[in-house]
Amino acid sequence: MRLDHVGLSVPELTAATTWYRAALDLTEEHAFAVPGTELRGVMLRHDSGWRLELLHRPDAAPGLAADTPLEAAATLGFGHLCLRVDTPVEVDAAFDRLVVAGAGVRMSPRPAPRPGARMAFVSDPYGNLIELIDRA
């Protein structure tokens with residue numbers, strides 16, 4: 001088995017699609033609607049193969065909006081999306097790029113708990129945490 005995609009519920013499908021496409025260099029594979037419901041979605045894909053499925057229901061209630069990874073780990077369920085880069089320098093570059101794109105700063109680039117790795121956390125415009133890590 002291997003991971004195919006991560007699904008993320010968002011309050012504004014068009015705005016979220018625009019932000020994620022620009023911030024993470026994703027392309028839209030397809031949009032969809034589930035018949036008989038108000039659920040709509042968009043599947044986005046990165047050139048390396050990973051996918052992000054953005055989902056929208058008008059009546060969806062807000063969930064956890066953790067300010068830090070530690071706070072997210074105190075609640076069961078989705079905590080964060082982690083994106084891997086190839087080198088420690090790329091963690092800083094990806095962090096800077098996402099902040100310029102409008103991501104919130106949650107944890108500036110720093111050494112990770114795993115020896116030799118570097119990490120950072122940002123949040124998307126809706127408060128969802130995104131981790132950046134290298135595994136050099």
Side-chain angles (χ1 to χ4, degrees):
M1 276 189 252
R2 61 189 168 113
L3 181 66
D4 183 78
H5 69 273
V6 172
L8 183 62
S9 182
V10 296
E12 302 275 338
L13 187 58
T14 300
T17 300
T18 299
W19 190 84
Y20 272 100
R21 286 186 68 184
L24 298 178
D25 287 329
L26 303 176
T27 56
E28 184 174 325
E29 281 194 333
H30 64 275
F32 61 91
V34 178
T37 73
E38 294 185 72
L39 179 62
R40 296 181 307 122
V42 174
M43 184 66 77
L44 303 175
R45 184 179 189 280
H46 190 265
D47 286 344
S48 66
W50 64 271
R51 291 176 176 83
L52 179 63
E53 181 181 40
L54 300 177
L55 302 163
H56 173 72
R57 279 186 57 181
D59 60 348
L64 174 68
D67 284 329
T68 66
L70 189 58
E71 183 182 346
T75 302
L76 298 176
F78 176 80
H80 66 277
L81 168 68
C82 183
L83 301 174
R84 181 178 171 177
V85 297
D86 293 326
T87 68
V89 172
E90 288 180 272
V91 170
D92 294 72
F95 176 84
D96 291 342
R97 178 176 168 208
L98 287 169
V99 170
V100 167
V105 174
R106 295 296 181 254
M107 180 187 291
S108 61
R110 63 190 64 193
R114 180 178 171 263
R118 190 160 174 79
M119 63 186 278
F121 276 85
V122 297
S123 63
D124 73 5
Y126 314 104
N128 297 300
L129 295 177
I130 302 169
E131 179 182 7
L132 304 166
I133 192 164
D134 81 279
R135 297 208 180 262

Handout entry: Contact summary for W50 and L52, nearest pair of heavy atoms
Key = CZ3-CB, 4.1 Å

Completion exercise
Heavy-atom closest pair (A16 atom, Y126 atom, distance to 0.1 Å) is N-OH, 3.2 Å

Handout entry: Check: G104 main-chain N/O paired with R106 side-chain donor or acceptor under 3.5 Å
Key = no

Problem - In one Ile/Leu/Val/Met/Phe/Trp/Tyr side-chain cluster, 4.5 Å: L39, F78 - result: no

Problem - R110 CZ to M119 CE distance, which is reported to the nearest 0.5 Å - result: 7.5 Å

Problem - Side-chain donor/acceptor of H56 to backbone N/O of P11, under 3.5 Å - result: yes

Completion exercise
d(R51 CZ, L26 CG) to nearest 0.5 Å is 11.5 Å

Handout entry: Distance-minimising heavy-atom pair for R118 and D92
Key = NE-OD1, 2.8 Å

Exercise for the section: Starting at CD of E29, measure out to OG1 of T27 and round the result to the nearest 0.5 Å. Expected result: 6.5 Å

Fill in the blank from the handout: Taken to the nearest 0.5 Å, the spacing of D59 CG from E38 CD works out to 6.0 Å

Handout entry: From CZ (R135) to CG (D86), nearest 0.5 Å
Key = 12.5 Å

Handout entry: Check: E131 and P69 side chains under 4.5 Å, non-hydrogen atoms
Key = no

Problem - Shortest non-hydrogen separation from A60 to S9 and the atoms involved - result: CB-OG, 4.3 Å

Completion exercise
When rounded to the nearest 0.5 Å, the distance separating CG of D4 from CD of E53 is 9.0 Å

Practice task
Check for a donor-acceptor pair, side chain of Y20 on one end and backbone N or O of L54 on the other, with a separation under 3.5 Å.
Solution key: no

Exercise for the section: Give the ring-plane orientation class for H30 versus F32, where under 30° counts as parallel, over 60° as perpendicular and anything between as tilted. Expected result: tilted

Practice task
Search all heavy atoms of R45 against all heavy atoms of G49 and return the closest pair with its distance.
Solution key: NH2-CA, 3.5 Å

Completion exercise
Residues A101 and W19: closest non-hydrogen pair is O-NE1, 2.8 Å

Exercise for the section: Using the rule that two of Ile, Leu, Val, Met, Phe, Trp, Tyr join whenever any of their side-chain heavy atoms come within less than 4.5 Å, decide whether L44 and V6 are in one cluster. Expected result: yes

Practice task
List the steps and the verdict of side chain to side chain contact (heavy atoms under 4.5 Å, CB included) for L24 and L83.
Solution key: CA-CA 10 Å; L24 298 178; L83 301 174; 3.7 Å; yes

Problem - Cluster check I133, L129: I/L/V/M/F/W/Y, side chain < 4.5 angstrom - result: yes

Fill in the blank from the handout: From the list V122, I130, V85, side chain to side chain contact (heavy atoms under 4.5 Å, CB included) partner of F95 resolves to V122

Handout entry: Test side chain to side chain contact (heavy atoms under 4.5 Å, CB included) applied to L132 and R97, step by step
Key = CA-CA 12 Å; L132 304 166; R97 178 176 168 208; over 6 Å; no

